[in-house]
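For reference, the structure is listed below as structure tokens.
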Amino acid sequence: MSAFDDIERRDVEPSGHLISRADYLNASARPEAARVRAQIDAMLLRYPETYRDALIRRIRSPNDDRHRSAVLELAVHELLIRSGFRILAVEPPLLNGRSPDFLVEAPDSQRFYLEATVATGEAGADPGADRRLRDVLQALDDVRSPDFFLSLHMRGAPNQQIAVGRLRRRIERWVESLDYDEVNARLAADGPPPMHRLEEHGLTVNIEVVPKNFRGVGRRAVAVRTFAGGQVNPHLAIKTSVEGKAGHYGELDLPLVVAVTALDQFADLGSAVDALFGTPAVAVRGDEARHIRNTDGAWRGPGGPVNTRVSAVLFVPRLSAWDLAQRAFTLIHNSWAQRPLPPAPWRTATKHLVEEQLVTTLGEPPRDVFDLPKHWPEGDETEV
């Protein structure tokens, strides 16, 4: 059984802005994509057969969040069985009628529930803004520009749909008006490149051109894309995800582990620590200053411990099917949990509080956990 179609594949181009992750992985003829598909299928063979079809449908979903959620669930299942755990049940029913993803038994017969979730962004974000922005990016990438690449400097996101066909033709007319030799001469004299400014429905794009070394080569126009600076809070999406799961299942008879992958490009392990234990601060008293954490974490609120039904968080940043060998999981224990997670032979790194200090135990590299070659999915498949 495969999660992918048995078809002839010829497209070796990078993914476009509008194609879903699942559709690109299914259709790509790149050797790397073939290795990713093979790994997904191999992990599916170890997933409980009764629930395999439903998981495959999610892996094939054109909705990127749904696809990534399925990949996370499959990867966590693989991590568990490779760490010596047993999956006793998939979607075990609880008293409140809801079901976490797994009921798990450790080698010492201790049991716990595990729920996997994707932290997609901060609450209140416009769910359609990303799609509208990708429509614009694809339109700009489709611009016929045989002599120049486009360099995009972007700010904001469209709050309404932009007429992308008209936009593409507008940029094509501007590019066609530029003389290749004149632009090269201007840049050689350290002059500024020609720029076209787009402002529409809350989106601002400054478009500059970069002369191609080989004119007429390449189907895609966009070579560089940057966004305006600003403040980002990648911990907030993680915090929201954990808080949501903490109250989702009611009172539990076993520990609950929440597996989280955060999709924000700046999210890292520090973001997860801030989300759970509180954001860092400095307390100053006279000449004395000490580092503390604010009481704004998913596990530490102004009144003390909160969301104590979550026993631990299994965190991994930006997990996708393509980087199983690069994205390390870390198990973060909740010291205030109603039902603490017992020690077990996790192959991941772990973090837990000891006298108000976070202590880290190192884990194995993810490529070792998943038994993947050193440079997977690139390079020699036999290299370890």
Side-chain angles (χ1 to χ4, degrees), residues 94-96 98 100-101 103-104 106 110-124 231-262 264 266-317 329-344 346 348-361:
L94 302 180
L95 292 178
N96 68 354
R98 292 173 173 167
D101 289 322
L103 171 61
V104 186
Q110 296 279 354
R111 297 180 177 185
F112 60 89
Y113 298 114
L114 188 143
E115 172 70 6
T117 186
V118 176
T120 56
E122 297 182 19
Q231 182 176 347
V232 295
N233 298 290
H235 70 286
L236 290 179
I238 304 169
K239 178 186 175 185
T240 299
S241 294
V242 173
E243 290 173 334
K245 295 302 180 184
H248 191 66
Y249 299 111
E251 293 297 329
L252 295 168
D253 58 335
L254 295 172
L256 172 66
V257 177
V258 178
V260 181
T261 186
D264 190 291
F266 299 104
D268 57 16
L269 183 57
S271 307
V273 171
D274 293 349
L276 300 174
F277 296 103
T279 54
V282 176
V284 179
R285 186 174 183 177
D287 294 333
E288 180 185 351
R290 61 188 180 92
H291 293 279
I292 63 169
R293 287 192 176 272
N294 294 312
T295 55
D296 57 357
W299 289 342
R300 298 181 79 169
V306 291
N307 298 310
T308 55
R309 292 173 184 169
V310 178
S311 305
V313 164
L314 182 63
F315 177 75
V316 58
F329 285 84
T330 301
L331 184 71
I332 308 172
H333 288 267
N334 183 356
S335 299
W336 307 281
Q338 292 178 11
R339 298 182 181 276
L341 186 69
W346 295 83
T348 68
T350 62
K351 283 184 177 291
H352 61 279
L353 276 179
V354 177
E355 297 180 353
E356 290 298 308
Q357 296 294 318
L358 268 177
V359 176
T360 301
T361 302

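All values below were derived from every heavy atom in this structure, side-chain atoms included, with hydrogens, water molecules and symmetry-related copies excluded. Heads up: numbering here begins at 1 and tracks the sequence. Being a predicted model, the structure only gives us computed values, none of them experimental.
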_Candidates Leu331, Thr330, Leu341, Thr350 - the one meeting side-chain contact (heavy atoms from CB on, under 4.5 Å) with Leu314_ = Leu331
*What pair of heavy atoms forms the shortest contact from Pro317 to Thr261, and how long is it?*
C-OG1, 3.8 Å
*Identify the two heavy atoms, one from Val242 and one from Ala298, that lie closest to each other, and give their separation to 0.1 Å.*
CG1-CB, 4.2 Å
*asked:* Let me confirm one number: the CD-CG distance from Gln110 to Leu254, rounded to the nearest 0.5 Å.
replied: 9.0 Å
*Minimal non-hydrogen separation, Val310 against Ala337, with atom names*: O-CB, 3.9 Å
*Under 3.5 Å, is there a donor-acceptor pair between the side chain of Asp264 and the main chain of Phe266?*
yes
*Pair Asp274-Ile238, side-chain contact (heavy atoms from CB on, under 4.5 Å): steps then yes or no*: CA-CA 9 Å; Asp274 293 349; Ile238 304 169; over 6 Å; no
*What is the minimum heavy-atom distance between Arg111 and Pro255, and which atoms define it?*
O-CD, 3.5 Å
*Main-chain N/O of Arg339 paired to Ser311 side chain as donor or acceptor, under 3.5 Å*: yes
*For residues Leu358 and Lys351, report the shortest heavy-atom separation together with the two atoms involved.*
CD2-CB, 4.2 Å
*Step by step, would you call Asp268 with Ser271 a side-chain hydrogen bond (donor to acceptor under 3.5 Å, both in side chains)?*
CA-CA 5 Å; Asp268 57 16; Ser271 307; 3.0 Å; yes
*Can you find a pair of side-chain heavy atoms, one from Trp299 and one from Leu353, that are under 4.5 Å apart?*
no
_Nearest heavy atoms of Trp346 and Phe112, plus distance in Å_ = CZ2-CZ, 3.6 Å
*Looking at side-chain heavy atoms only, is the closest gap between Val273 and Arg293 below 4.5 Å?*
yes
*For the atom pair CG (Asn96) and OH (Tyr249), what is the distance rounded to the nearest 0.5 Å?*
9.0 Å
*Side chain proximity check, Pro100 to Leu94, heavy atoms < 4.5 angstrom*: yes
*asked:* Distance check, rounded to the nearest 0.5 Å: Tyr113 atom OH versus Asp253 atom CG?
replied: 3.5 Å
*Just by modelled atom types, is the Thr279 backbone N or O under 3.5 Å from a matching donor or acceptor in the Asp296 side chain?*
yes
*side-chain contact (heavy atoms from CB on, under 4.5 Å) between Leu276 and Asn334, worked out*: CA-CA 9 Å; Leu276 300 174; Asn334 183 356; over 6 Å; no
*Among pairs that include at least one residue of residues 303-316, which meet salt bridge (Lys or Arg N to Asp or Glu O under 4.0 Å), considering only residues two or more places apart or in two chains?*
Glu251-Arg309
*Does Asp101 use its side chain to pair, donor to acceptor, with the backbone of Ala116 at less than 3.5 Å?*
yes
